[in-house]
Colleague: 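Below: one structure in structure tokens.
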Amino acid sequence: MSECDAKLIPRKTQHCSNSNSQDVNALEEMDAVVENGHKTEGQTRRTSGENRFRRFVMDNLFLVCNIVGIIVGFLVGLLVRSVDLGQDGILWLGLPGELYMRILKCIIIPLIVCSVIDGTSSTDPRTNGKIGLVSLAYMIISNSIGAILGLVMCVLFRPGSGIERENTESGVDTRSLTTVDIVADFIRNVFPPNMVGAALQVSQTQYTPKEVVSLVNISGQLVNETATVMSRSLGTVNSTNILGLIVISAALGIAASQSGDHGKPFLAFFKAGAHIIFKLFTWIKWTTPVGSASLIAASIAGLENLGPAFRSMGEFSLLVVVGNIGLIQFVGLSVDFFLVRRENPVKLFMKGARAWLIGFGAINSTIPYPEYVRVADHFDVDPRVTEYVLPLSVTLNRCGSAFFVTAGSVFVTQYTGVGTDLGSVITIGLLGILSSLAIPAVNSSSVVAIIIILESMSVPTSGSVGLIMAMEWLNDRVRTTTNAMSHICCILTTWRLCKKSFTPVDTAEVEEKVSRL
């Protein structure tokens, strides 16, 4: 072996040694990368799991708090009855709930106006017409089914028969209104005379007593005789004309969309207004458990004779609960949801639980307005449909109230024994359907509709309506929950039937609307 070859051997050995050390280092680095990858993947999984758990807790925390608030309200109301707080104590007990209602009512009207203007401006006028017809047809059919179901159940089970009559005052003043007055006032309020006044006043027929002097021939002598007659006139009451505001807002939205560049600042203002009001609601909604507890406790504590009311009206209230929750919600609306979505109806009640509980506590199906929007977004409803249909639905869709009006009217006829024939029952059904479209979204307005229907049929209401008012704190909440769930189904049904008429909306715009919730 030459010297040159001897010199090459150590170099080759050194080269191999260096190569082996580099390979080992490379393998160690790969192992470290794999190990770090496993750790990163595990941390990502753990973080994702924590985020899902946190989201689950936040989504259901509001629901759990509302349930606790309702239970606490019932318990506190029953407990304080034995303390005899008096009128002042009941006032302070219900004050948090009153403040809660005042705050929500403050933001609902601006929200409706901004949503309608924003929704109609981004939709073709021809499509708006189709949406309006479909949603109106749904509301009429829904109200009719509720009214007919109330009639049938009350006729079959006869809850008004066998109750001992008591001389109980109803405490409700109808001002001698008739069914004709209700329909005429409804048409008038569709076209308000003042855009600003529609947010403050509602047109309503009023009757005032007027003394009329006439000459009467008594035994050949003319004698002045004074008689009191009711004079009819058109007046206003302090309330919000929701229907008139919807009509005005829809007209403004369509006109602004046809105005080109001149209408863009106007539309941008109301779009920003809707976003801001939704943000306010996300803050205010966390006061719902306290507000619900306060309202329920004050209602129960204010009842003078809770035991007799339960004994006298237990069967009728049970009929209202079974009819509204058992038949209309769990059967009727579930079938509607399945036909429209082809999904398990349990999803409807899981996603609508917040709106259901807010309506139960606030006794007003308009208050959960932002929750309806959230549910519609979850079911991928075009925001333009939601913004156009929802204000109409909260104004006209009253299937729960229609059930109560017809059932309550038949209950009174059974209680008094007047107007129990088939012709009277059919008349009650027709008047109940018409009045359900004109019932304002205020507490106990359905009781006023019952009195008007009965008085138009010459059925005595003294004492009998007082029984209904005794359990109104429960019946009003039950029918409000039915109206709330029906609003959601109205949006989903309208979207299903009108979906092909819509052009795809800008994705960024949809994400912006969803982000409000």
Side-chain angles (χ1 to χ4, degrees), residues 112 115-116 119-120 122-124 126-149 243 246 250 324-325 327-356 359 365-366 368-403 433 436-437 441 479-505 510 513-514:
I112 290 177
S115 298
V116 173
T120 54
S122 57
T123 309
D124 181 70
R126 184 179 302 176
T127 305
N128 281 334
K130 182 178 180 180
I131 295 173
L133 290 176
V134 171
S135 59
L136 183 61
Y138 176 92
M139 297 169 201
I140 294 175
I141 294 173
S142 174
N143 290 0
S144 301
I145 292 175
I148 294 172
L149 188 60
L243 189 60
I246 292 173
N324 274 273
I325 298 179
L327 295 181
I328 297 180
Q329 295 185 33
F330 288 167
V331 177
L333 297 182
S334 295
V335 171
D336 178 29
F337 180 81
F338 176 77
L339 294 177
V340 170
R341 298 287 305 181
R342 301 295 180 182
E343 297 180 21
N344 191 335
V346 175
K347 292 184 179 180
L348 171 65
F349 296 97
M350 291 296 293
K351 297 302 177 182
R354 293 186 186 179
W356 196 98
S365 61
T366 307
Y369 192 100
E371 288 298 326
Y372 303 143
V373 179
R374 181 188 64 82
V375 176
D377 286 333
H378 172 80
F379 289 115
D380 299 324
V381 178
D382 192 300
R384 296 170 292 182
V385 175
T386 304
E387 292 172 345
Y388 188 80
V389 173
L390 186 52
L392 289 175
S393 183
V394 298
T395 306
L396 303 176
N397 191 10
R398 297 277 188 275
C399 62
S401 300
F403 178 97
I433 294 172
S436 65
L437 294 172
R479 62 179 181 263
T480 298
T481 60
T482 301
N483 294 337
M485 300 306 295
S486 184
H487 297 332
I488 297 175
C489 288
C490 180
I491 299 171
L492 298 179
T493 303
T494 304
W495 170 238
R496 175 68 175 82
L497 297 177
C498 301
K499 187 174 183 179
K500 295 182 179 179
S501 302
F502 278 79
T503 55
V505 71
V510 174
K513 293 177 183 295
V514 174

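In this text the structure is predicted, and so the values were computed from the model without any measurement. Any value given below was found using the heavy atoms of this structure, including those in side chains, with hydrogens, waters and symmetry copies removed.
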Colleague: Where is the tightest heavy-atom contact between Leu327 and Val331, given as atom of each residue plus distance?
Modeller: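 Heavy atoms only, the tightest pair is O-CB, 3.0 Å.
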Colleague: State the CH2-OG1 distance between Trp495 and Thr386, to the nearest 0.5 angstrom.
Modeller: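 Output value for this atom pair is 9.0 Å.
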Colleague: Working to the nearest 0.5 Å, report the span between CE of Met485 and CD1 of Ile325.
Modeller: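 Here the interatomic distance stands at 11.0 Å.
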Colleague: State, without any angle test, whether Asn324 and Thr481 hold a side-chain donor-acceptor pair at a distance under 3.5 Å.
Modeller: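 Not at all, the side chains of Asn324 and Thr481 share no donor-acceptor pair under 3.5 Å.
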Colleague: Compare all side-chain heavy atoms of Tyr372 with those of Val394 and state whether any distance is below 4.5 angstrom.
Modeller: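 The answer is yes, as the side chains (C-beta and beyond) meet within the 4.5 Å cut-off.
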Colleague: Do Val389 and Cys490 have side-chain heavy atoms sitting under 4.5 Å apart?
Modeller: yes
Colleague: Could you pull out all residues at least two apart from Tyr388 that satisfy ring-ring contact (aromatic ring centres under 6.0 Å, His included)?
Modeller: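 Tyr388 satisfies ring-ring contact (aromatic ring centres under 6.0 Å, His included) with no residue once adjacent residues are dropped.
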Colleague: Which heavy atom of His487 sits nearest to which heavy atom of Ser393, and what is that distance?
Modeller: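 Heavy-atom minimum between the residues: ND1-OG, 2.8 Å.
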Colleague: Using side-chain heavy atoms (C-beta onward) and a distance below 4.5 Å, is Leu136 in contact with Leu392?
Modeller: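 Not touching, per the 4.5 Å side-chain cut-off.
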Colleague: Can you find a heavy atom in the side chain of Arg374 that is under 4.5 Å from one in the side chain of Arg354?
Modeller: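 Sidechains of Arg354 and Arg374: in contact.
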Colleague: Tell me, do Ser115 and Tyr369 make a side-chain contact under 4.5 Å, heavy atoms counted?
Modeller: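 Heavy-atom side-chain distance check passes, below 4.5 Å.
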Colleague: Any sub-3.5 Å donor-acceptor pair from Asn143's side-chain atoms to Ile433's backbone N or O?
Modeller: no
Colleague: Does some side-chain heavy atom of Phe403 sit less than 4.5 Å from a side-chain heavy atom of Thr482?
Modeller: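 SC-SC contact between Thr482 and Phe403 ruled out.
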Colleague: From Asp336 CG over to Gln329 CD, what is the distance, rounded to the nearest 0.5 angstrom?
Modeller: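 Rounded to the nearest 0.5 Å, the CG-CD separation comes to 13.0 Å.
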Colleague: So, does Asn397 use its side chain to make a donor-acceptor pair with the main chain of Ser486 at under 3.5 Å?
Modeller: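 The answer is yes, because a donor-acceptor pair under 3.5 Å joins these two groups.
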Colleague: Below 4.5 Å, heavy atoms only, C-beta onward: do Ile488 and Trp356 meet side chain to side chain?
Modeller: no
Colleague: Grab the two heavy atoms, one from Leu348 and one from Cys489, that are nearest each other, plus how far apart they are.
Modeller: CD2-SG, 3.8 Å
Colleague: Within a strict 4.5 Å, meaning less than it, do heavy atoms of the Ile145 and Cys399 side chains meet?
Modeller: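 The answer is no; the side chains never approach within 4.5 Å.
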Colleague: How far does CG of Leu133 sit from OG1 of Thr494, to the nearest 0.5 angstrom?
Modeller: 11.0 Å
Colleague: About how many Å separate CG of Asn344 and CE of Met350, when rounded to the nearest 0.5 Å?
Modeller: 10.5 Å
Colleague: For the residue pair Ser365 and Arg398, what are the closest heavy atoms and their distance?
Modeller: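 For Ser365 versus Arg398, the nearest heavy atoms are OG-NH1, 4.0 Å.
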Colleague: Sequence neighbours left out, what passes salt bridge (charged side-chain N to carboxylate O under 4.0 Å, His left out) with Arg496? Give chain and number order.
Modeller: none
Colleague: Can you give me the closest heavy-atom contact between Glu343 and Phe338, atom names plus distance?
Modeller: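 Closest approach of Glu343 to Phe338: O-CD1, 3.5 Å.
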Colleague: With rounding to the nearest 0.5 Å, note down the distance linking CG in Leu396 to OG in Ser142.
Modeller: 11.5 Å
Colleague: Write down the atom of Gly359, the atom of Thr480, and the distance for their closest heavy-atom approach.
Modeller: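 Closest approach of Gly359 to Thr480: O-CG2, 3.4 Å.
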Colleague: Check ring-ring contact (aromatic ring centres under 6.0 Å, His included) between Tyr138 and all other residues, then give those that pass, not counting sequence neighbours.
Modeller: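 Tyr138: no ring-ring contact (aromatic ring centres under 6.0 Å, His included) contacts found.
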